[in-house]
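Chain letters run A, B, ... following the sequence lines, proteins first, then strands; residues in each count from 1. Because the structure is predicted, anything quoted here is derived from the model rather than measured.
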Number of protein chains: 2
Amino acid sequence: MTRKSAIEDVALDLFASEGFEAASLGKIAEAVGIRKPSIYAHFRSKEDLFLHVFKQALRSKKRMMLRHLLENRDRPFEETFLSLAKRLMDDNESDAQTRFLLRMSYFPPSSLHDQVMELMNPFFMQAERLLTSLLERPLHQTRLQTGNAQEAALAYITVLEGVLAEAIYTTRDKATRRLEAVFPIYCRGVLINK
Amino acid sequence: MTRKSAIEDVALDLFASEGFEAASLGKIAEAVGIRKPSIYAHFRSKEDLFLHVFKQALRSKKRMMLRHLLENRDRPFEETFLSLAKRLMDDNESDAQTRFLLRMSYFPPSSLHDQVMELMNPFFMQAERLLTSLLERPLHQTRLQTGNAQEAALAYITVLEGVLAEAIYTTRDKATRRLEAVFPIYCRGVLINK
DNA sequence: CAAAAACGAACTAACGGTCGTTAGGTATGA
DNA sequence: TCATACCTAACGACCGTTAGTTCGTTTTTG
């Protein structure tokens with residue numbers, strides 16, 4: 001691993017756990033094992049470092065979700081949705097990248113608010129499109145109550161964020177409790193009666 | 001309005017829009033129209049000011065939700081739930097108190113993390129109990145699919161937070177879209193088939 | 001040897017917070 | 001009634017610290 005990517009990793013971690021303002025370049029440098037000015041050999045400013053890390057995290061998360069949906073596209077969509085939610089919840093505990101993205105998309109550094117939003121918007125729109133087109137495949141659409149794939153997709157995203165919100169400010173266990181309460185209700189609301 | 005409550009109002013606003021670290025006492029004082037040291041005539045420290053504002057906001061929000069549920073307890077619970085969600089969404093645009101609470105319960109200042117959580121936990125537990133006991137009234141319970149009031153309540157909270165999450169980082173319009181997608185699905189998942 | 005990377009020192013700006021002082025109101029008491 | 005004492009709120013000046021950043025120099029490396 002190069003020095004540069006070591007800086008990025010540490011920065012991601014500290015941004016995720018302490019927020020942009022509280023994660024100082026001094027702390028980042030110390031955790032990497034270099035001095036503060038050395039960071040400027042690789043990044044023009046703190047904001048530059050942040051945007052670099054943010055874009056990278058977004059790209060990686062996009063890839064992960066795309067792969068998950070593609071690999072499971074022939075299984076019943078409830079299973080795919082449930083396993084995706086569980087996976088994101090696990091990641092929120094184990095993977096700083098997910099914590100970072102959730103925190104920074106909710107509350108970006110105020111000076112970078114607009115730039116961050118311009119990156120996040122396409123992400124959400126693509127996620128919605130992706131889920132919708134999955135649900136529109138004949139295999140799945142015929143099992144949908146109203147046949148309205150887009151609303152089912154949007155509702156899933158909403159439920160997912162409600163569960164992840166709980167995962168953020170308490171523990172995975174409590175979030176799991178929520179997931180187990182809400183998911184059967186979601187399925188019953190979306191699937192055709194048997 | 002007294003000076004002290006003016007300081008609290010401005011602090012709430014800045015904490016909500018910029019976060020704890022970025023909302024400096026200098027900015028707060030300037031917005032009030034006083035000098036920084038004058039704040040210390042009313043509060044012992046920045047953390048003291050924060051906790052003061054936080055407790056006040058929490059109390060006020062608790063009262064609001066309690067009143068809403070009591071006033072509507074004889075109407076169909078779907079209507080009550082929907083209007084409560086809309087009201088909280090509106091508040092998130094117009095009322096800094098709601099934005100403040102959402103932001104600070106997700107990501108409290110790290111030095112106050114434990115104290116904030118000890119205040120938030122009872123709030124959520126009480127909300128869950130309150131919703132559950134509402135749903136357990138015969139009038140409503142007989143209309144529930146599984147009869148499990150607690151899971152229906154928890155699912156509602158989850159859905160609500162998913163909608164509010166969208167309201168935080170985009171606009172009320174987009175959050176409304178989510179609410180309109182997810183709420184019918186929630187109702188169908190929870191109500192007995194007609 | 002040249003380019004890249006790292007560093008020590010130091011800069012400016014801003015932070016939260018303290019200190020001594022002042023202005024204005026109020027209660028006291030002879 | 002007037003002088004006194006007291007209190008609160010506000011303030012200017014300033015403290016120590018830390019932030020992000022720059023610069024000139026040294027070290028490392030290809």
Side-chain angles (χ1 to χ4, degrees), chain A residues 1-57 100 103-104 107-116, chain B residues 1-57 100 103-104 107-116:
Chain A
M1 180 176 20
T2 70
R3 243 325 130 69
K4 185 170 179 176
S5 70
I7 296 174
E8 290 168 346
D9 285 0
V10 168
L12 181 95
D13 217 75
L14 284 180
F15 285 149
S17 61
E18 311 195 359
F20 180 76
E21 285 85 7
S24 71
L25 294 180
K27 285 184 203 166
I28 295 172
E30 190 188 348
V32 174
I34 59 176
R35 302 289 159 188
K36 191 169 55 163
S38 307
I39 295 177
Y40 287 82
H42 304 280
F43 304 95
R44 289 204 318 279
S45 66
K46 191 185 184 184
E47 297 189 349
D48 182 43
L49 169 59
F50 174 85
L51 285 175
H52 218 268
V53 167
F54 187 84
K55 288 176 189 170
Q56 201 167 292
F100 170 84
R103 173 164 202 163
M104 291 309 152
F107 305 111
S110 51
S111 65
L112 297 175
H113 178 274
D114 291 353
Q115 288 178 67
V116 168
Chain B
M1 177 174 26
T2 71
R3 243 326 132 67
K4 184 170 178 177
S5 70
I7 295 174
E8 290 168 347
D9 285 0
V10 168
L12 181 95
D13 215 76
L14 284 180
F15 285 149
S17 61
E18 310 195 358
F20 180 77
E21 285 86 6
S24 70
L25 293 181
K27 284 185 202 164
I28 294 172
E30 191 188 349
V32 174
I34 58 175
R35 302 290 158 189
K36 188 172 56 163
S38 309
I39 295 177
Y40 286 84
H42 304 279
F43 303 96
R44 289 203 320 279
S45 66
K46 190 185 185 185
E47 298 188 348
D48 182 43
L49 169 58
F50 174 86
L51 285 175
H52 217 268
V53 168
F54 187 84
K55 288 175 188 170
Q56 201 168 292
F100 170 83
R103 174 163 202 164
M104 290 309 151
F107 303 111
S110 52
S111 65
L112 298 175
H113 178 274
D114 292 352
Q115 287 179 68
V116 169

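Counting to the nearest Å, the C1' atom of C/dA14 and the CD atom of B/Glu30 are 13 Å from each other. In this structure, NZ of B/Lys4 is placed 8 Å from P of D/dA9, rounded to the nearest angstrom. Atom pair A/Ile39:CD1 and C/dA4:P shows a separation of 20 Å (rounding to whole Å applied). Computed from coordinates, the B/Leu25 CG to C/dG17 C1' distance equals 9 Å when rounded to whole Å. For A/Phe50 and D/dG20, the CZ to P distance is 14 Å, given to the nearest whole Å. In this structure, CD of B/Glu18 is placed 14 Å from C1' of C/dC15, rounded to the nearest angstrom. Residue B/Glu21 contributes atom CD, which lies 14 Å from atom C1' of D/dT18 at whole-angstrom precision. The CD atom of A/Glu47 sits 17 Å away from the P atom of D/dA19 (whole-angstrom rounding).
A sub-4.0 Å separation between OP1 or OP2 of D/dA10 and a side-chain N or O of B/Arg3 is present. The side chain of A/His42 places no N or O atom within less than 4.0 Å of a non-bridging phosphate oxygen (OP1 or OP2) of C/dA4. Side-chain nitrogen and oxygen atoms of B/Ser24 include none within less than 4.0 Å of the OP1 or OP2 phosphate oxygen of C/dA14.
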Subject >> Pair B/Phe20-B/Glu47, side-chain contact (heavy atoms from CB on, under 4.5 Å): steps then yes or no >> reply: CA-CA 9 Å; B/Phe20 180 77; B/Glu47 298 188 348; 4.3 Å; yes
Original post:
Does the side-chain contact (heavy atoms from CB on, under 4.5 Å) test come out yes or no for B/Ile28 and B/Leu25, once each step is laid out?
Top reply: CA-CA 5 Å; B/Ile28 294 172; B/Leu25 293 181; 4.3 Å; yes
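Counting heavy atoms from C-beta outward, B/Val32 and B/Ile39 have side chains that stay 4.5 Å or more apart.
Below 30°, between 30° and 60°, or above 60°: for B/Phe100 and B/Phe15 the angle between ring planes is between 30° and 60°, a tilted geometry.
Put simply, the side chain of B/Lys36 never gets that close to the backbone of B/Ser24: no donor and acceptor are under 3.5 Å apart.
The 5' end of DNA chain C is approached more closely, in terms of each residue's nearest nucleotide, by A/Ile7 than by the other of A/Ile7 and B/Ala23.
Which of D/dG20, C/dC19, D/dT22 sits closest to the side chain of A/Pro37 comes down to D/dT22. Out of C/dT18, D/dA9, D/dC11, the shortest distance to the side chain of B/Tyr40 is found at C/dT18. Out of C/dC7, D/dA9, D/dA13, the shortest distance to the side chain of A/Ser38 is found at C/dC7. Of the candidates D/dA9, D/dG12, D/dG20, D/dG12 carries the atom nearest the B/Arg35 side chain, counting heavy atoms from C-beta on. The side chain of B/Lys27 lies closest to C/dC15, out of C/dC15, C/dG17, C/dG8.
Counting atom types as modelled, B/Lys46 pairs no side-chain N or O with a base atom of C/dG17 as donor and acceptor under 3.5 Å.
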